[in-house]
There are 2 protein chains.
Amino acid sequence: MLTVTTANVNGIRAAARKGFVEWLSDTTADVVCLQEVRATDEQVPVEVRDVDGWHMIVAPAADKGRAGVAVLSRETPARVQVGFGSEEFDVSGRYLEVDLPGVTVASLYLPSGETGTPRQDQKERFMAEFAEYLVALRKRAEADNRHVVICGDWNIAHQEIDLKNWKANKKTAGFLPEEREWMTRVFDDIGYVDVARRLHPEGPGPYSWWSYRGRAFDNDAGWRIDYHIATPGLAEAAKTAVVERAATHDARWSDHAPVTVTYAV
Amino acid sequence: MLTVTTANVNGIRAAARKGFVEWLSDTTADVVCLQEVRATDEQVPVEVRDVDGWHMIVAPAADKGRAGVAVLSRETPARVQVGFGSEEFDVSGRYLEVDLPGVTVASLYLPSGETGTPRQDQKERFMAEFAEYLVALRKRAEADNRHVVICGDWNIAHQEIDLKNWKANKKTAGFLPEEREWMTRVFDDIGYVDVARRLHPEGPGPYSWWSYRGRAFDNDAGWRIDYHIATPGLAEAAKTAVVERAATHDARWSDHAPVTVTYAV
DNA sequence: CCTACAAGG
DNA sequence: CCTTATAGG
């Protein structure tokens, strides 16, 4: 059994002050993928960095205080890869891949974008380059007889059931037609599987992100943008998928909730 | 009897969250001079701006979130003056003068400076221009038969007894020889009086500012840089001068403590 | 070690 | 409505 969690922490220093450390010491996960760490290795609070029994790798952004992904694992990874071979994005703290026995686990933080701005162009450049990488990664995994799961904040809600107010958000970055179609291609053309949706085909939700503005969390006006996107064999091995909304409810240390999947591998 | 308090609030919005509102509702002062308000009129929390029985005038800096002085008085001032006739400094939120019956009260926030930098040059330009104004103000007050007191953060410790570690700070802005000599000229040549020191000639202290760094407050490693500087007649009428260290100890809402003087006028 | 601002989300 | 960075203190 391998339990993997993904969580966008929205600043690991702030999260550590608000309950992330307690969540980490309670979790039974074997691997934790983090996004928006917003800190270098040295800036990660020692209560997180030196927590007993965990191995931590951080891929910070060159731009101070922005983005940043990390992987915590109980086993030491056999291989670590920062970035996916992109000149533009490999220093942006958005992709970190580690090899654990039989399975490659990646932490992804896809740009959030902003409709009609250069930030949306950047998101689309990322999506185009990353889709190519996903193809190569899948081929490599098949050749090596390895499973792959890309965990993280993909910043796209795939279907109408993946956000509460889909009608109001048809022109909002994260639910644009071209973004949704891109995710469809990841599934249907490249061959990855949305693990949580496969286990729970019925919507709406469960959501994994709620804006801090207004009463979005209390009203469950959220989006499902945090995914486990896995190769088919691993997706079929998934036994449970849970959004730990309660974990964040007791002590809300991020605007995202952890998404945890247990794989029978 | 006229009781006047001066307090550098280090951001009135932060201070209001931390206990300044309670301090204000408890004080028996008739006039309160504030420095480092760091807010425009509209940005001042309503609990302060609309507090019953007080009239408030704010002189913010053109530079958002910086400096800013204010005067709260139970009586409506007959005259209000922002700045002291300086092209450079009148928009810098550092001087506000009001006329109350028989006495002119000013709130001053002198630049803090920084040894060997342009900020120290600015402080010295301010000191030069302001000294000239002090001469004119004293003459005008005598002609009008009015008392004057300039309350505020002068950002200079005058003597060795005015800071805990004077030996270590001989090259620190706020205790430079030229700054101390300038204050001596304000007293000996221009004829103003350091009210609190006149009532309490013995040092060391009492200090009115303690750095937030380290344990400066607990160790009373402070500076006396907040003064009531008055014309001689008013200084002679001063009955008590108190640094409200306890007020800030119960709920420390600033790195400065209020300095309160009661005048028998 | 605080403040407020700015930019990103 | 959050985060971190920055300048000023």
Side-chain angles (χ1 to χ4, degrees), chain A residues 8-18 20 35-40 43-45 60-68 92-94 109-115 117-120 122-123 153 155 172-174 209-218 221 223 225 248 252-256, chain B residues 8-18 20 35-40 43-45 60-61 63-68 92-94 109-115 117-120 122-123 153 155 172-174 209-218 221 223 225-226 248 252-256:
Chain A
N8 178 318
V9 293
N10 191 25
I12 199 161
R13 285 171 281 185
R17 288 194 298 270
K18 296 193 283 184
F20 173 73
Q35 302 86 39
E36 280 207 89
V37 168
R38 302 174 75 161
T40 61
Q43 291 174 321
V44 172
D63 209 359
K64 287 197 283 185
R66 303 229 180 279
S92 69
R94 294 187 178 276
Y109 177 47
L110 205 140
S112 80
E114 187 180 19
T115 308
T117 74
R119 296 181 50 234
Q120 190 63 24
Q122 188 217 43
K123 182 176 190 173
D153 179 358
N155 263 316
T172 306
W209 173 78
W210 304 264
S211 170
Y212 273 127
R213 301 176 208 196
R215 279 149 196 71
F217 186 78
D218 294 335
W223 296 48
I225 56 180
T248 57
R252 199 177 174 206
W253 42 261
S254 173
D255 48 350
H256 294 249
Chain B
N8 179 318
V9 294
N10 192 24
I12 199 161
R13 284 172 280 186
R17 289 194 297 270
K18 297 193 282 184
F20 173 74
Q35 301 86 39
E36 279 207 90
V37 168
R38 301 174 76 162
T40 61
Q43 291 173 323
V44 172
D63 209 0
K64 290 197 283 186
R66 302 228 179 280
S92 69
R94 294 188 178 274
Y109 178 47
L110 205 142
S112 81
E114 187 180 19
T115 307
T117 74
R119 296 181 50 237
Q120 190 64 23
Q122 188 217 42
K123 182 177 191 174
D153 179 358
N155 263 316
T172 306
W209 173 78
W210 305 264
S211 170
Y212 274 126
R213 300 176 209 194
R215 278 148 196 73
F217 186 78
D218 295 335
W223 295 48
I225 56 180
D226 299 278
T248 55
R252 199 177 174 206
W253 40 262
S254 173
D255 48 351
H256 294 249

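When reading the values below, keep in mind they use all heavy atoms of this one structure, side chains included, and skip hydrogens, waters and symmetry mates. To find a chain, count down the sequence lines: A is the first, B the second, and so on, and within it residues start at 1.
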Exercise for the section: Measure distances between side-chain N and O atoms of Arg38(B) and base N and O atoms of dT3(C), and say whether any donor-acceptor pair falls under 3.5 Å. Expected result: yes
Completion exercise
Between Arg17(A) and Arg213(A), whichever has its closest DNA chain D nucleotide further toward 5' is Arg213(A)
Exercise for the section: Could you check which of dC1(C), dG8(C), dA5(D) has an atom nearest any side-chain atom of Arg13(A)? Expected result: dA5(D)
Handout entry: Residue-phosphate contact under 4.0 Å: Gln43(A) side-chain N/O, dT3(D) OP1/OP2
Key = no
Completion exercise
Nearest-nucleotide check on DNA chain D, Lys64(A) vs Ser211(A); residue mapping nearer the 5' end is Ser211(A)
Exercise for the section: With heavy atoms under 4.0 Å as the rule, sort Asn10(B) into base, sugar-phosphate or nothing. Expected result: sugar-phosphate
Practice task
Kindly assign one of parallel, tilted or perpendicular to the pair His256(B) and Trp209(B), based on the angle between their ring planes and the thresholds 30° and 60°.
Solution key: tilted
Handout entry: Flag side-chain contact, heavy atom, 4.5 Å: Tyr109(A) against Asn155(A)
Key = yes
Handout entry: Under 4.0 angstrom between Arg252(B) side-chain N/O and dC1(C) OP1 or OP2
Key = no
Problem - Test item: Ile12(A) and Pro45(A) side chains (from C-beta on) under 4.5 Å apart, heavy atoms - result: yes
Exercise for the section: May I ask you to verify if any side-chain N or O of Lys18(A) is less than 4.0 angstrom from the OP1 or OP2 atom of dT3(D)? Expected result: yes
Practice task
Quick one: label Gln35(B) by what it contacts on the DNA or RNA (base, sugar-phosphate, nothing), any heavy atom closer than 4.0 Å.
Solution key: nothing
Problem - Side-chain donor/acceptor of Gln120(B) to backbone N/O of Glu114(B), under 3.5 Å - result: yes
